[in-house]
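In what follows, a structure is listed as structure tokens, so that the remarks can point back to it.
Both backbone and side-chain heavy atoms feed into the values below; hydrogens, waters and symmetry mates do not. Letters A, B, ... are given to chains in the order of the sequence lines, protein chains preceding strands, and every chain is numbered from 1.
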2 protein chains.
Amino acid sequence: MTFSRDDSAGYLANHLARLFARELQARIKPLGLSIGTFPALLVLWEGDGLTQRELIAALDIEQPTMANTLARMERDGLIQRRRDPHDGRAQRIWLTETARALEGPATAAATAVNARALAGLSATERATFVALMRKVVAGLQPDDGAV
Amino acid sequence: MTFSRDDSAGYLANHLARLFARELQARIKPLGLSIGTFPALLVLWEGDGLTQRELIAALDIEQPTMANTLARMERDGLIQRRRDPHDGRAQRIWLTETARALEGPATAAATAVNARALAGLSATERATFVALMRKVVAGLQPDDGAV
DNA sequence: TAGCATTGCATTCCAAGCTATACAAGTGCT
DNA sequence: AGCACTTGTATAGCTTGGAATGCAATGCTA
């Protein structure tokens, strides 16, 4: 009775994420983007001027990871950081024109990746798949040591 | 019509994998293991004496990643590498007693993580979830530029 | 059998994620 | 005002993942 990788949700989730990452990277590299910045951009395209803390809350990323990602984004001309006038600790994050211009092509690339990934599933299966992932994420999210 | 993270299979897969990784790491760190070695160990527990190339094929990991992982495993006393007598390029990978002894506790930890992750799903949902992940992985796997 | 292509692995360099830690700016209390 | 506490970021150091490249051993073929 060995532990079977292909029956393990965790193993499959890891494999799945790597495959998605490979696909997405291939498609957005030509745009000058890398996958780590993508989640942050998705949030900022909806509205920028957020603090690092707000981004973290939206994305469930650890703070040092986000700090690091933002540093790369600033280096690569995707964002600017300006101190919050009311709170000297915080910085508000603003997209550059470059980053704004990438919203269309970048989300199109992500949509294409999702489409390719789910190509083998029926419409019902796709909906089920996404719903189940959402459910598992939600259940795993907090320190749900609930009774 | 913005791109919605929580409707995106790719975003969810990434989030899911991070949550699984956090959980598993917490549980196997006390054993002296880290998550990157886990897939390799699962294969080797089924039978060692494999080459790096064979491990890579089993796990769909890039070669430099595996080389790196194996180097850490050797450093940490989990494996030994011995040259293949018939092929001077290849090395065969053998588990140490330490690594062998960890099979029980480590797979128990992974099983516990899976159980916790899927706790909110019915038995049917669990089966569906795993089956769908497998299907998407399979579809994404090759360079399926099929006509 | 000499030359070339292939194979197996290592190395370098980078991104992206994490933990642990540090530190400065704000807040609250006295 | 002074102090402790909290909050927002940054830094150091590690793991895990990949691309690009190098190199030695092997295999193939003319």
Residues within residues 75-104 of chain B bordering DNA chain C, heavy-atom distance below 4.0 Å: B:R81, B:R89, B:A90, B:Q91
DNA chain D contacts made by residues 30-48 of chain B, counting heavy atoms under 4.0 Å: B:S34, B:I35, B:G36
Gap between atom CG of A:L33 and atom CE of A:M73 - 0.5 Å precision: 8.0 Å
B:E125 side chain vs B:S122 backbone, donor-acceptor pair below 3.5 Å: yes
Short side-chain to backbone donor-acceptor contact, A:T96 and A:L78, under 3.5 Å: yes
Donor-acceptor pairs are to be reported for all side-chain atoms of residues 61-70 of chain B against protein atoms at under 3.5 Å, with residues two or more places apart or in another chain.
unit_1 : atom_1 : unit_2 : atom_2 : d
B:Q63  : NE2    : B:Q52  : OE1    : 3.0
B:T69  : OG1    : B:T65  : O      : 2.9
B:T69  : OG1    : B:R72  : NH2    : 3.3

Length of the line joining A:F20:CZ and D:dG17:C1', which is rounded to integer Å: 17 Å
B:L50 CG - C:dC9 P separation (whole Å): 11 Å
Side-chain donor/acceptor of A:R81 to backbone N/O of A:E74, under 3.5 Å: no
Donor-acceptor side-chain pairing of B:R82 and B:Q80 below 3.5 angstrom: yes
Main-chain N/O of A:D60 paired to B:R18 side chain as donor or acceptor, under 3.5 Å: yes
Set of side-chain contact (heavy atoms from CB on, under 4.5 Å) partners for A:D87, sequence neighbours left out: A:D84, A:R89, A:A90
Would you list the protein and nucleotides 18-20 of chain D atom pairs, both N or O, that sit under 3.5 Å from each other?
unit_1 : atom_1 : unit_2 : atom_2 : d
D:dG18 : OP1    : A:R22  : NE     : 2.9
D:dG18 : OP1    : A:R22  : NH2    : 2.7
D:dG18 : OP2    : B:E62  : N      : 3.2
D:dG18 : OP2    : B:T65  : OG1    : 3.3
D:dG18 : N7     : B:T65  : OG1    : 3.2

hydrophobic_cluster_shared for B:W94 and B:V43, side chain cutoff 4.5 Å: no
Those residues of residues 51-58 of chain B lying under 4.0 Å from DNA chain C by at least one heavy atom: B:T51, B:Q52, B:R53
Smallest separation among heavy atoms of A:F38 and A:A106, with atom names: CZ-O, 3.4 Å
Check: A:L95 main-chain N/O paired with A:D48 side-chain donor or acceptor under 3.5 Å: yes
Test item: B:L59 and A:Y11 side chains (from C-beta on) under 4.5 Å apart, heavy atoms: yes
Polar side-chain atom of B:R83 near backbone of B:G88 as donor-acceptor pair, under 3.5 Å: yes
Interatomic distance, B:L16 CG vs C:dG17 P [rounded to whole Å]: 14 Å
